[in-house]
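Below: one structure, written as structure tokens.
Residue numbers begin at 1 in each chain, while the letters A, B, ... track the order of the sequences. Computation of the quantities below employed the complete heavy-atom set of this structure, encompassing side-chain atoms and omitting hydrogens, waters and symmetry-equivalent molecules.
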4 protein chains.
Amino acid sequence: MAINTNDKRLQILEAAQKMVAEVGIQGVSMQKLANRAGVAAGTIYRYFDDKDHLLEELRQFVVSRMAKAVQEGVDADKPLKEQYRTMWLNIWRVAASNIDSLKTRVQYDSIPSKNSYETREQERKMFAQVDNLFNEGKKQGVFKNLDNEILSGLSLEASVSLARKHALGLYQLDDASLEAAIEASWDAIIKH
Amino acid sequence: MAINTNDKRLQILEAAQKMVAEVGIQGVSMQKLANRAGVAAGTIYRYFDDKDHLLEELRQFVVSRMAKAVQEGVDADKPLKEQYRTMWLNIWRVAASNIDSLKTRVQYDSIPSKNSYETREQERKMFAQVDNLFNEGKKQGVFKNLDNEILSGLSLEASVSLARKHALGLYQLDDASLEAAIEASWDAIIKH
Amino acid sequence: MAINTNDKRLQILEAAQKMVAEVGIQGVSMQKLANRAGVAAGTIYRYFDDKDHLLEELRQFVVSRMAKAVQEGVDADKPLKEQYRTMWLNIWRVAASNIDSLKTRVQYDSIPSKNSYETREQERKMFAQVDNLFNEGKKQGVFKNLDNEILSGLSLEASVSLARKHALGLYQLDDASLEAAIEASWDAIIKH
Amino acid sequence: MAINTNDKRLQILEAAQKMVAEVGIQGVSMQKLANRAGVAAGTIYRYFDDKDHLLEELRQFVVSRMAKAVQEGVDADKPLKEQYRTMWLNIWRVAASNIDSLKTRVQYDSIPSKNSYETREQERKMFAQVDNLFNEGKKQGVFKNLDNEILSGLSLEASVSLARKHALGLYQLDDASLEAAIEASWDAIIKH
DNA sequence: TATGAATGAGACTTCATTCAT
DNA sequence: TATGAATGAAGTCTCATTCAT
């Protein structure tokens, strides 16, 4: 039963994610979501207080998935550069293989998030390996001595930025350019 | 008289920009916008076909303002580094002085833009000085030989990314960090 | 329970018919109809896709009722003339007893009916006894050898036409005139 | 000047008639009518008190044209039967040559006409030749001794009824059937 | 007299949420 | 726990009418 309960939550969240990807957040109505999830409209309210809470949870749900995807296959024992490259390409892959996911990213940014401290902290923990990478790099004297937030903004965010342009069809990157971009963004965070 | 017509359009667009900044795109209803702009609901429809067209025009309106702000005070005769720094700080300033503007940026990305080629091209021209900077840098052999889109994603987008975090109160940057961030992002695009 | 569903549909259609009779089709707004039917505005949309579909169904609903009223008490075993007289008076009665019904008739003609073949065929079947009457009359050599559509236009439509004038108060018919009119219209379709 | 004034009235009425024929009464808005008539929206209100009055006048305008068309070429010196046939065919012709006119007829019936006595009387006078025909027929002992309203309902209305079905594409009449229908409706009003 | 920008009421429709079953 | 019919507020848009020019 406990599992069933979670199943239904999951069922709803999965359906919600798909809908957001397809029609945007504005296109998600509780009625349609219910249909898509295969439950009655009223049922959603047994698992989520209201639409705002549902979207808030959905946001975390998606961020969590993103975090896993970004850090997948990252081995802390491998050289920093290799870890970095893996993350960079993971981000890119998420965009390339599934356009919706990135289109999605922007969508979730527009959720009127409460951005409570708790929420932020929770999301930070999801990207622990990213933090580890930056911490280790600074410890070894390879990276510039800047806060992780800044290092991230200088490097990995570039991947997000380029991937979005790519996903929206505004700009095409070939493999060589991709490698060059990884190198260049690496230049931003290492000492020279 | 001809100016009056433009005045009312402007009046509506200004009000719309403010509303988007305050309550997000989803929070903008035609009725509320009318109240905010000090016109009757029906009046909006004399100047814009429907809500979609209004948002599309608003998007261009805002992008245009952004472009002006970003390139303000940039002198093509000054050293590249100085031009770059000016732009970087302009972006930052827009965020720092007016939190809404940046929160806004994400909002506009979620507008179901037609992203027609024309629209894209129009927006490109607005950032002509940015393009000039990158072109000149490559010509002088100072910058890496990458497309402007990539160079921009590696450098100025970092400003946007950091400014957003700053604006959302997720992270605070002091002046020293700011200068360091500028230097670091510069490292991403120059040859080493 | 299944009946409840039909009840609400019926409730709405009944209210709609009354409103059309009272204020004309143009006077029917979804909000007012909801009030009249004793349901919430949104409820109507659970039973009808939109206003157009509602009116289309209302049309069929009313035509069906008309057909029943016109053919009520018509006995195929009775002489043709008697059957004819019964129908003629039925039409008249509908008009006399309930002014709205006829005023209504014109209203429904102005519904942007799709007049699809299906719709037409469906309505034809509702007037089966009228067709039977004309067919039998021609078979017996009593009626002129004309299509039923024409025979109907020459005879029963006269009842409709006169009843409308009567209902609108444009002209008054006494019983003697009524009988004379029946005889006269009978003259139009029989052989001489 | 006086003529110019009438010109503009006429201009508006003409445009209104066309619009009604094309999009139905419900489709006529004052703004669109103004465009169609080539005047400003406000101008209409110099010639008509409001929309209701405009429609009322339009109704008379159209009825007047109809009357002229129906009685065109009718010569009081010719035999009754010939006069009758001419009118019958005139009605038919209006329908056949200009579908809009008849579709129009129903439209005007749905105008919330005040049907004031004056209005009725005015419209009666427009059809003077029809009255003359019936009066003469009764005087000569050829027609049944029924009120003209009834005679009209028994005979000419059949033309209207059949023409409408024809115009709406619900039923097709060939020339032979047409002649037969004229004969049959003649049978309805003559003594046997 | 003519214009047409502006108004704001009201039309149709959707949607988050509730509640009897 | 789950359902889904019902609600009614709120959204987008149209339109008859007015009024300063």
Side-chain angles (χ1 to χ4, degrees), chain A residues 1 4-5 8 26-35 37-55, chain B residues 1 4-5 7-9 11-12 26-35 37-55, chain C residues 1 4-5 7-9 11-12 26-35 37-55, chain D residues 1 4-5 8 26-35 37-55:
Chain A
M1 285 305 168
N4 273 348
T5 292
K8 213 145 230 171
Q26 314 212 23
V28 177
S29 81
M30 299 301 263
Q31 200 64 247
K32 287 176 189 164
L33 172 56
N35 292 342
V39 301
T43 303
I44 299 179
Y45 288 84
R46 297 206 78 76
Y47 297 95
F48 305 93
D49 284 352
D50 54 26
K51 196 180 186 182
D52 281 349
H53 283 80
L54 166 59
L55 290 180
Chain B
M1 296 305 159
N4 271 349
T5 291
D7 276 356
K8 209 138 230 170
R9 273 188 86 86
Q11 198 175 326
I12 293 168
Q26 314 206 25
V28 177
S29 84
M30 298 302 262
Q31 191 58 248
K32 287 176 188 164
L33 171 56
N35 293 342
V39 300
T43 302
I44 299 179
Y45 291 85
R46 285 203 68 77
Y47 297 94
F48 305 92
D49 283 351
D50 53 28
K51 195 179 185 181
D52 280 349
H53 283 79
L54 166 58
L55 290 180
Chain C
M1 296 308 157
N4 270 350
T5 292
D7 276 357
K8 208 137 229 170
R9 272 187 87 85
Q11 198 175 326
I12 294 168
Q26 314 207 25
V28 177
S29 84
M30 299 302 262
Q31 192 58 248
K32 287 176 189 164
L33 172 56
N35 293 342
V39 300
T43 302
I44 299 179
Y45 290 85
R46 286 202 68 77
Y47 297 95
F48 306 92
D49 283 352
D50 54 27
K51 196 179 186 183
D52 280 349
H53 283 80
L54 167 59
L55 290 180
Chain D
M1 286 305 166
N4 273 347
T5 292
K8 214 146 227 171
Q26 314 211 23
V28 177
S29 81
M30 299 300 265
Q31 200 62 248
K32 289 174 188 165
L33 173 56
N35 292 342
V39 301
T43 304
I44 299 179
Y45 288 85
R46 296 206 79 75
Y47 296 95
F48 304 92
D49 284 353
D50 54 27
K51 195 181 187 183
D52 281 349
H53 283 79
L54 165 59
L55 290 180

Length of the [atom1]-[atom2] vector between [X] and [N], whole Å:
X     : N      : atom1 : atom2 : result
A:I44 : F:dT1  : CD1   : C1'   : 15 Å
B:Y47 : F:dT12 : OH    : P     : 20 Å
A:R46 : F:dT3  : CZ    : C1'   : 11 Å
A:F48 : E:dA16 : CZ    : P     : 14 Å
B:K8  : E:dG4  : NZ    : P     : 17 Å
B:L33 : E:dG8  : CG    : P     : 15 Å

What are the two closest heavy atoms between [X] and [Y], and how far apart are they?
X     : Y     : value
D:A40 : D:A34 : C-CB, 3.8 Å
D:G27 : D:K32 : O-CD, 4.4 Å
B:I12 : B:F48 : CG2-CE1, 3.8 Å
C:K51 : C:S29 : NZ-CA, 4.4 Å

d(C:L54 CG, C:R9 CZ) to nearest 0.5 Å is 9.0 Å
Can you tell me how far the CD1 atom of C:I44 sits from the CE atom of C:M30, to the nearest 0.5 Å? 4.5 Å
Pairing partner of F:dA2 (Watson-Crick or G-U wobble, both distances under 3.5 Å): E:dT21
G-U wobble or Watson-Crick pairing nucleotide for E:dG8 (cut-off 3.5 Å, both distances): F:dC15
What string of B, S and - do you get for nucleotides 9-15 of chain E, 5' to 3', if B is base contact, S is sugar-phosphate-only contact and - is no contact with any protein heavy atom under 4.0 Å? --SSBBS
